[in-house]
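Count residues from 1 along the sequence. First listed ligand is number 1; within each ligand, the first listed atom is number 1.
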Amino acid sequence: MIREITSSDIAWANELLREFNCCVEDYKDNPFSHIIIYDNKGIVVYSKIYNRIEIEYIIVNNKYRNNGIGTKLLKYIIDNNDITNITLEVRESNNSAIKFYQHNGFKKVAIREKYYNNENGVLMIREFDNND
Ligand SMILES: CC(C)(COP(=O)(O)OP(=O)(O)OC[C@H]1O[C@@H](n2cnc3c(N)ncnc32)[C@H](O)[C@@H]1OP(=O)(O)O)[C@@H](O)C(=O)NCCC(=O)NCCS
């Protein structure tokens, strides 16, 4: 089931977020931040600022990847927010994530040189005409 995170999810959620050196507590006091989970298998952390969303992280437990969970998490935030676009940054080497985002309608719009210390970031966007 897809829903907002609760305190009983924090332990397993932090296990997933550890891959990116962050944790639920980093976001709990930020009024723009939201965390949505799919059972205890996947998580999306995003910021909503007025009518646009920035995805911070989307992570599916590697045992459950390629089963459509990441796509369902994205669909949930699209269906539950009235937004004009979603943007994100992803490492240039993260081919599986780039393929995943392209599969879900995102386009590469810019390269951010050395965004991740020595590695370039790719800025991606999906735009909505509010009838999507
Ligand atoms: C990126 C990620 C969230 C995708 O989640 P997922 O649940 O496995 O993705 P889905 O099953 O919804 O995949 C949808 C489509 O994305 C593409 N895709 C997903 N994983 C892919 C991979 N490893 N290689 C190529 N394409 C891939 C495919 O087109 C797939 O459609 P298909 O199954 O019909 O071929 C997951 O791989 C993950 O957690 N990666 C590690 C964390 C990460 O790098 N997150 C992104 C940066 S924050």
Side-chain angles (χ1 to χ4, degrees):
M1 191 179 101
I2 301 186
R3 58 174 170 80
E4 289 188 25
I5 195 166
T6 65
S7 54
S8 61
D9 303 304
I10 289 174
W12 69 262
N14 279 344
E15 288 289 316
L16 285 188
L17 290 168
R18 189 178 301 156
E19 182 177 344
F20 290 91
N21 295 319
C22 68
C23 63
V24 170
E25 290 78 5
D26 293 343
Y27 298 94
K28 77 176 178 11
D29 294 327
N30 185 336
F32 296 108
S33 295
H34 304 269
I35 303 182
I36 301 296
I37 59 158
Y38 182 103
D39 295 334
N40 57 354
K41 297 174 180 160
I43 184 167
V44 58
V45 181
Y46 67 93
S47 301
K48 183 179 181 198
I49 301 169
Y50 301 105
N51 59 355
R52 51 172 306 273
I53 279 176
E54 171 86 15
I55 293 180
E56 311 287 350
Y57 301 102
I58 180 164
I59 311 169
V60 174
N61 182 316
N62 59 17
K63 283 191 288 196
Y64 302 106
R65 287 180 191 167
N66 291 308
N67 285 302
I69 293 174
T71 298
K72 283 182 185 146
L73 284 164
L74 270 181
K75 185 171 170 4
Y76 181 94
I77 62 174
I78 292 165
D79 289 349
N80 288 282
N81 290 285
D82 186 16
I83 44 171
T84 56
N85 66 59
I86 302 181
T87 54
L88 59 97
E89 301 277 353
V90 58
R91 285 178 185 270
E92 200 171 34
S93 62
N94 194 346
N95 290 317
S96 56
I98 291 170
K99 290 267 186 311
F100 163 78
Y101 287 124
Q102 288 174 326
H103 174 90
N104 281 288
F106 287 77
K107 293 187 168 51
K108 294 182 183 180
V109 281
I111 299 294
R112 298 265 164 92
E113 298 279 337
K114 313 278 187 220
Y115 186 81
Y116 300 97
N117 297 319
N118 265 338
E119 185 173 352
N120 293 344
V122 180
L123 173 65
M124 302 188 77
I125 190 166
R126 179 168 165 185
E127 298 191 88
F128 301 92
D129 61 11
N130 291 334
N131 293 317
D132 287 355

At a 4.0 Å threshold, what atoms of ligand 1 neighbour a non-hydrogen atom of [X]?
X     : result
Tyr57 : 48 (S)
Phe20 : 42 (C), 43 (C), 44 (O)
Gly68 : 10 (P), 11 (O), 12 (O)

Q. Are the side chain of Asn67 and the backbone N or O of Ile69 linked by a donor-acceptor pair below 3.5 Å?
A.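 Answer holds: no.
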
Q: Mind checking whether His103 contacts ligand 1 via backbone (N, CA, C, O), side chain (CB onward), both or neither, at a 4.0 Å heavy-atom cut-off?
A: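 Near ligand 1, His103 shows its side chain, while the N, CA, C and O stay back.
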
Q: With heavy atoms under 4.0 Å as the rule, classify the contact between Asn67 and ligand 1 as side chain, backbone, both or neither.
A: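 Contact part for Asn67 vs ligand 1: backbone (N, CA, C, O).
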
(Q) Once rounded to the nearest 0.5 Å, what's the spacing between atom CD of Glu56 and atom SG of Cys22? (A)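 Reported to 0.5 Å precision, the distance equals 9.0 Å.
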
[X], any N or O under 3.5 Å of ligand 1 N or O:
X     : result
Gly70 : yes
Asn94 : yes
Ala97 : no
Arg65 : yes
Thr71 : yes

[atom]: the protein heavy-atom neighbour that sits closest, reported with distance to 0.1 Å:
atom                    : answer
atom 26 (N) of ligand 1 : Lys99 CB, 3.4 Å
atom 3 (C) of ligand 1  : Ile58 O, 3.6 Å
atom 22 (C) of ligand 1 : Ser96 CB, 3.4 Å
atom 20 (N) of ligand 1 : Asn66 OD1, 3.2 Å

Q) Looking at Asn62, Asn66, Asn61, which hits side chain to side chain contact (heavy atoms under 4.5 Å, CB included) with Tyr64? A)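 Of Asn62, Asn66, Asn61, side chain to side chain contact (heavy atoms under 4.5 Å, CB included) with Tyr64 is met by Asn61 alone.
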
Q.
Exactly one of Ile36, Leu16, Leu73 should register a side chain to side chain contact (heavy atoms under 4.5 Å, CB included) with Ile43. Which one does?
A.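 Testing Ile43 for a side chain to side chain contact (heavy atoms under 4.5 Å, CB included) against Ile36, Leu16, Leu73 leaves exactly one candidate, Leu16.
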
Q: From the options Tyr101, Phe100, Tyr38, select the one whose nearest heavy atom is closest to atom 13 (O) of ligand 1.
A: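 Heavy atom nearest to atom 13 (O) of ligand 1 belongs to Phe100.
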
Q) Among Lys114, Glu92, Arg112, which one satisfies side-chain hydrogen bond (donor to acceptor under 3.5 Å, both in side chains) with Asn120? A)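 Testing each of Lys114, Glu92, Arg112 against Asn120, the sole residue satisfying side-chain hydrogen bond (donor to acceptor under 3.5 Å, both in side chains) is Glu92.
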
(Q) Check contact between Tyr64 and ligand 1, using heavy atoms of the residue and a distance below 4.0 angstrom. (A)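 No; Tyr64 lies far enough from ligand 1 that no heavy-atom distance drops under 4.0 Å.
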
Q) Is the number of heavy atoms from other residues, nucleotides or ligands within 6.0 Å of CD (Glu4) greater than 12? A)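 For Glu4, atom CD is not crowded (no more than 12 foreign heavy atoms under 6.0 Å).
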
Q: Answer yes or no for atom 33 (O) of ligand 1: protein heavy atom present at a distance under 4.0 Å?
A: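 Under 4.0 Å from atom 33 (O) of ligand 1, zero protein heavy atoms found.
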
